[in-house]
Q: 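I'd like to ask some things about the structure below.
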Amino acid sequence: MATGAPARPAAGARAERRDRRPAAVHPRLRLRPVRPADGDDVVALHGDPEVMRHLGTGHPVPPARVRGLDLPRLLADHGPVPLGYWAAEDRATDDFVGWFELRPMVTDPVASVELGYRLRRACWGRGLATEGARALVDAVFAGTDTDEVVATTMAVNTGSRRVMEKVGLSWRRTYTEELPGPLPGAEHGEVEYVLTRADWRPLRPQPFHRRQPRRWPGRRP
């Protein structure tokens with residue numbers, strides 16, 4: 001029975017739209033949509049104890065959970081470019097580096113997106129997290145009507161906090177939340193960083209900016 005509401009695109013159509021997203025080339029990284037073929041790399045990334053030390057339960061994620069829950073989330077359609085998850089490749093070697101995310105947050109009246117990233121341990125300390133995150137921040141402000149970019153991490157995760165600061169985000173608050181189990185450093189809380197549109201200063205034009213819609217569904221006028 002017709003309800004007058006717009007039909008939601010079929011899963012196949014959403015996947016096809018996601019796969020048509022162009023890759024974005026940056027000095028050292030190539031950002032492209034996550035693919036089902038990335039499964040083994042994502043399993044290895046989420047299974048590294050050091051990568052997961054400040055995330056989730058603080059323990060490696062079992063392969064079955066990665067393939068059954070994490071990978072489908074990375075493959076899902078989260079809205080127009082640059083929203084969603086992006087696989088990062090090293091341009092010099094074509095190796096999988098990790099992934100970055102920009103996800104719409106349930107906030108009103110402010111339109112916020114969450115910035116996240118997860119990189120292979122071998123790629124740490126090279127400035128790649130800063131390069132990829134900065135590219136997405138510039139793209140989302142230039143290509144959508146996002147009001148602010150938000151990122152969170154454990155207060156003790158100094159490496160991730162440095163990336164946020166280099167990208168232009170500033171500390172907004174420290175808070176505590178219920179965790180599924182004891183996590184070293186959790187007693188110091190979580191920190192939230194933010195960059196508003198008013199404070200954003202683009203560094204350079206980005207390939208993501210071309211032909212992108214200014215709004216995504218559900219954004220109020």
Side-chain angles (χ1 to χ4, degrees), residues 18 23-24 26-76 78 82-103 113-137 149-167 169 176-193:
R18 182 196 66 241
H26 300 280
R28 292 175 296 167
L29 291 178
R30 181 186 303 109
L31 299 181
R32 59 160 176 81
V34 178
R35 303 167 183 157
D38 294 321
D40 289 345
D41 287 321
V42 175
V43 166
L45 178 67
H46 292 204
D48 187 324
E50 283 300 305
V51 170
M52 300 303 301
R53 185 157 57 102
H54 296 122
L55 300 167
T57 63
H59 300 291
V61 183
R65 181 179 175 87
V66 176
R67 295 188 185 278
L69 294 177
D70 295 354
L71 187 58
R73 173 168 51 87
L74 270 61
L75 292 168
H78 293 276
L83 301 180
Y85 288 84
W86 297 88
E89 296 175 336
D90 187 324
R91 290 183 60 197
T93 62
D94 292 331
D95 288 343
F96 179 85
V97 169
W99 55 255
F100 293 83
E101 66 159 325
L102 280 176
R103 283 192 302 161
V113 297
E114 181 179 21
L115 170 69
Y117 36 84
R118 196 170 298 182
L119 271 59
R120 291 172 47 223
R121 196 188 331 175
C123 300
W124 293 359
R126 297 169 51 193
L128 298 178
T130 301
E131 181 177 316
R134 182 175 287 152
L136 288 178
V137 167
V149 174
V150 177
T152 62
T153 189
M154 292 182 65
V156 296
N157 190 353
T158 55
S160 189
R161 295 181 69 169
R162 280 196 298 269
V163 171
M164 296 173 190
E165 291 166 357
K166 289 178 181 178
V167 171
L169 280 69
T176 58
E177 61 179 13
E178 291 291 331
L179 297 173
L183 189 60
E187 66 274 14
H188 300 287
E190 301 272 327
V191 289
E192 179 180 85
Y193 280 69

Q: My understanding is that only residues two or more places apart in sequence, or in another chain, count here; which of them pass side-chain contact (heavy atoms from CB on, under 4.5 Å) with H59?
A: T57

Q: Where is the tightest heavy-atom contact between L71 and P36, given as atom of each residue plus distance?
A: CD2-O, 4.2 Å

Q: Determine whether a donor-acceptor pair (N or O, by modelled atom type, separation under 3.5 Å) exists between the side chain of Y117 and the backbone of S160.
A: yes

Q: Would you name the heavy atoms of L29 and A88 that are closest together and state the gap between them?
A: CD2-CB, 4.3 Å

Q: Can you pull the salt bridge (Lys or Arg N to Asp or Glu O under 4.0 Å) pairs that have at least one residue in residues 121-130, sequence neighbours excluded?
A: D48-R121, D90-R126

Q: Can you measure from NE2 (H188) to OG1 (T176) and round to the nearest 0.5 angstrom?
A: 13.0 Å

Q: Just verifying a value: how many Å separate L115 CG and L136 CG, rounded to the nearest 0.5 Å?
A: 7.0 Å

Q: Compare every heavy atom of L183 with every heavy atom of G58, then report the nearest pair and how far apart it is.
A: CA-CD1, 3.2 Å

Q: Of all heavy-atom pairs between V156 and G185, which one has the smallest distance, and what is that distance?
A: CG1-O, 3.9 Å

Q: Can you give each donor-acceptor pair under 3.5 Å made by side-chain atoms of residues 94-101, sequence neighbours left out, with the distance rounded to 0.1 Å?
A:
{"from": "D94", "atom 1": "OD1", "to": "R30", "atom 2": "NH1", "distance (Å)": "3.2"}
{"from": "D94", "atom 1": "OD1", "to": "R30", "atom 2": "NH2", "distance (Å)": "3.4"}
{"from": "D95", "atom 1": "OD2", "to": "T93", "atom 2": "OG1", "distance (Å)": "3.2"}
{"from": "W99", "atom 1": "NE1", "to": "H46", "atom 2": "NE2", "distance (Å)": "3.0"}
{"from": "E101", "atom 1": "OE1", "to": "Y85", "atom 2": "OH", "distance (Å)": "3.2"}
{"from": "E101", "atom 1": "OE1", "to": "R103", "atom 2": "NE", "distance (Å)": "2.7"}

Q: What residues, two or more places apart in sequence or in another chain, satisfy side-chain contact (heavy atoms from CB on, under 4.5 Å) together with L55?
A: M52, R118

Q: Got a salt bridge between R32 and D38, using NZ or NE/NH1/NH2 to carboxylate O under 4.0 Å?
A: yes

Q: Please report the interatomic distance CZ(R53) to CG(N157), rounded to the nearest 0.5 Å.
A: 7.5 Å

Q: For D70, which residues count as a salt bridge (charged side-chain N to carboxylate O under 4.0 Å, His left out) partner, sequence neighbours excluded?
A: R73

Q: Under the salt bridge (Lys or Arg N to Asp or Glu O under 4.0 Å) definition, can you give me all pairs with a residue in residues 158-167, not counting sequence neighbours?
A: none

Q: I need the single residue from E192, M164, E177 that forms a side chain to side chain contact (heavy atoms under 4.5 Å, CB included) with T152. Which is it?
A: E192

Q: Report the distance from atom CH2 of W86 to atom CG of L31, rounding to the nearest 0.5 Å.
A: 7.5 Å

Q: Could you pull out the closest heavy-atom pair between T130 and V167, with the gap in Å?
A: O-CG2, 4.0 Å

Q: Any idea which heavy atoms bring L119 and A129 closest together, and the distance?
A: CD2-N, 3.6 Å

Q: Between E131 and R28, is there a donor-acceptor pair closer than 3.5 Å when you use the side chain of the first and the backbone of the second?
A: yes

